[in-house]
Amino acid sequence: MTRSTCFLSVDIGTGSARVGVFDDRGVLLGEAKAPIAQHRPFDHHVEQSTTDIWRAICDSTRRAVAQAGVEPAAVASMSVSATCSLVLLDQARAPLALSPGDEMWNIIVWMDHRATNEAAECTATGGAPLDNLGGVMSPEMQIPKLMWLKRQRPELYARIGYAADLGDWLGYHCTGIDRRSVCMLACKWTFDPRPDHGWDQDFLARVDMADVVERAGLGEDAAAVGEPLGHLSERAAADLGLSTECLFAVGMIDAYAGAMGTLGRSLDRDATHRLAIIAGTSTCHIGAHPKRCEIPGVWGPYPGALCDGFFANEGGQSLSGALLDHIVALFSAGSEFGNDPHGALSALLLARLESGDPAPEIHLRPDFIGNRSPLADPQMRGAIVGLTLESPRESFIKVYWAAATALVYGTRAIIERMNHYGYAIDTLHLSGGHNRSPLLRKLYADGTGCRVVLSEAPEPVLLGAAVAAMAPTHGGDLLAVARDLAPGEHVLEPDPATRELHEARYRAFCELFDGRLESGHRQ
């Protein structure tokens with residue numbers, strides 16, 4: 001392999017598609033992104049378009065390769081990280097639109113909660129797949145979404161010829177080869193990749209979805225992350241501005257790419273002490289354990305979803321960065337903090353923190369669209385307590401502080417639950433948008449009592465997808481790739497001077513859940 005050999009990483013997020021070009025040491029040579037449109041026809045319905053997303057990927061790829069200053073032929077392979085959104089194609093493999101419009105809205109976005117009732121019905125079966133989901137089916141998973149379509153849009157469901165996670169669709173679109181990632185199938189489709197498991201036909205029949213495997217084109221096995229899928233088709237290569245010699249390697253869900261980009265190099269005998277936190281619009285908490293750990297309210301265990309040799313467990317918060325954005329928009333005083341309100345508030349609150357708790361009387365329950373972990377209650381809603389009649393600006397600052405701390409205490413509750421069921425987490429590997437906030441970095445350390453490892457990789461999620469792209473050159477060994485990468489790390493230790501403050505706030509936080517958090521991790 002020559003130094004001119006490069007690897008391309010595609011990250012399809014909620015609001016944009018990003019593309020990075022990396023060398024064989026994991027150094028980011030070029031990066032570009034383009035926005036992705038969203039359509040919200042009704043409350044709790046969020047849709048996107050593969051047509052729009054493909055356009056964004058192609059535009060970003062061409063600009064990233066140009067910025068990297070490499071020839072298109074130098075891109076040896078590529079892979080993808082993507083949100084766990086549901087792509088629908090018809091029997092001719094054309095976009096199957098959910099809503100009318102020029103963009104062909106044929107994707108149900110991960111955060112779409114139209115299938116809450118269907119998810120509850122799945123949970124009520126007590127079926128075996130729930131053992132891999134913390135005991136509760138989420139409306140963010142694909143089987144409930146397809147149940148909703150079958151019931152509410154039967155004419156549309158009857159036309160489905162292909163249904164897949166967004167990352168799997170990209171591989172199919174680029175190569176014409178339909179082979180699904182173990183990461184996507186295990187985490188979002190109730191597929192169990194263990195030998196002699198696979199699809200649970202009894203469970204699918206009980207929820208009237210016995211036809212879903214055939215209708216969605218799912219197949220009976222799954223591909224390992226980093227497995228070679230195939231070379232780019234002539235059409236895909238022309239659209240992307242790449243060569244047909246470029247190999248597409250099987251990808252993963254974006255959160256798992258973030259975990260690989262930050263945690264992969266540290267997966268060893270001490271892996272059970274470590275937790276990857278991928279924090280952006282939402283937050284995912286991914287641990288890797290050599291043994292199978294069933295944890296109430298935490299998704300998994302998923303064998304091979306992150307890499308061979310480990311079972312992944314995933315906790316989550318459906319709103320985190322999006323919650324802070326909402327708080328800024330909710331208060332009129334949010335407009336007083338300029339174009340970067342989060343940066344301005346970070347500096348202000350860090351200064352106030354030097355004198356103690358900036359708002360000891362105000363606390364917030366952050367689950368505005370339900371609690372994903374550790375309570376797995378999609379019906380839960382947010383709350384703000386302790387407000388007084390003071391200046392709108394002061395109320396806004398204090399509520400923002402309460403929201404920021406609440407997100408970290410939600411993470412602490414997930415850690416406590418995971419530790420009770422087999423982990424020993426004391427180290428957090430932080431990536432995503434929260435890693436760019438001095439306030440949140442400090443809160444994750446101080447508010448959980450864990451050391452926080454901060455990667456020097458500028459884009460850990462892109463880097464994780466690049467690991468998958470490089471895997472074919474290392475015999476499919478993802479961890480061997482991750483351990484060879486260049487980005488360094490530094491560690492942020494918790495500040496003992498803030499311990500009393502956070503212990504008091506955490507007790508108040510738990511009280512907002514009527515005892516469910518305290519009893520939950522002692523079950």
Could you pull out all donor-acceptor pairs under 3.5 Å where a side-chain atom in residues 455-465 meets a protein atom, sequence neighbours excluded?
residue: Ser455; atom: OG; partner: Ala457; partner atom: N; Å: 3.0
residue: Glu459; atom: OE1; partner: Arg18; partner atom: NH1; Å: 2.1
residue: Glu459; atom: OE2; partner: Arg18; partner atom: NH1; Å: 3.3

Quiz item: Looking only at side chains, do Thr50 and Asn106 share a donor and an acceptor under 3.5 Å apart?
Solution: yes
Quiz item: Does some side-chain heavy atom of His342 sit less than 4.5 Å from a side-chain heavy atom of Leu324?
Solution: yes
Practice problem: Please name all residues satisfying salt bridge (Lys or Arg N to Asp or Glu O under 4.0 Å) with Asp446, sequence neighbours left out, ordered by chain then number. | Solution: Lys442
Self-check item: Geometric cation-pi criterion, Arg412 with Tyr506: 6.0 Å, 45°
Solution: yes
Quiz item: Does the salt bridge (Lys or Arg N to Asp or Glu O under 4.0 Å) test come out yes or no for Glu47 and Arg40, once each step is laid out?
Solution: CA-CA 6 Å; Glu47 298 169 0; Arg40 296 174 180 263; over 6 Å; no
Quiz item: So, for Thr190 and Pro129, which heavy atoms are closest and what is the spacing to 0.1 Å?
Solution: CB-CB, 3.9 Å
Exercise. Could you pull out the closest heavy-atom pair between Pro392 and Ala333, with the gap in Å?
Key: O-CB, 3.9 Å
Quiz item: Taking the side chain as C-beta and beyond, is there a heavy-atom pair between Ile327 and Phe396 under 4.5 Å?
Solution: yes
Exercise. Let me know which of Val328, Leu348, Leu364, Leu330 forms a side chain to side chain contact (heavy atoms under 4.5 Å, CB included) with Tyr400.
Key: Val328
Quiz item: Does a side-chain N-to-carboxylate-O contact under 4.0 Å join Asp514 and Arg516?
Solution: no
Quiz item: For Asp270, what residues pass the salt bridge (Lys or Arg N to Asp or Glu O under 4.0 Å) criterion, not counting sequence neighbours?
Solution: none
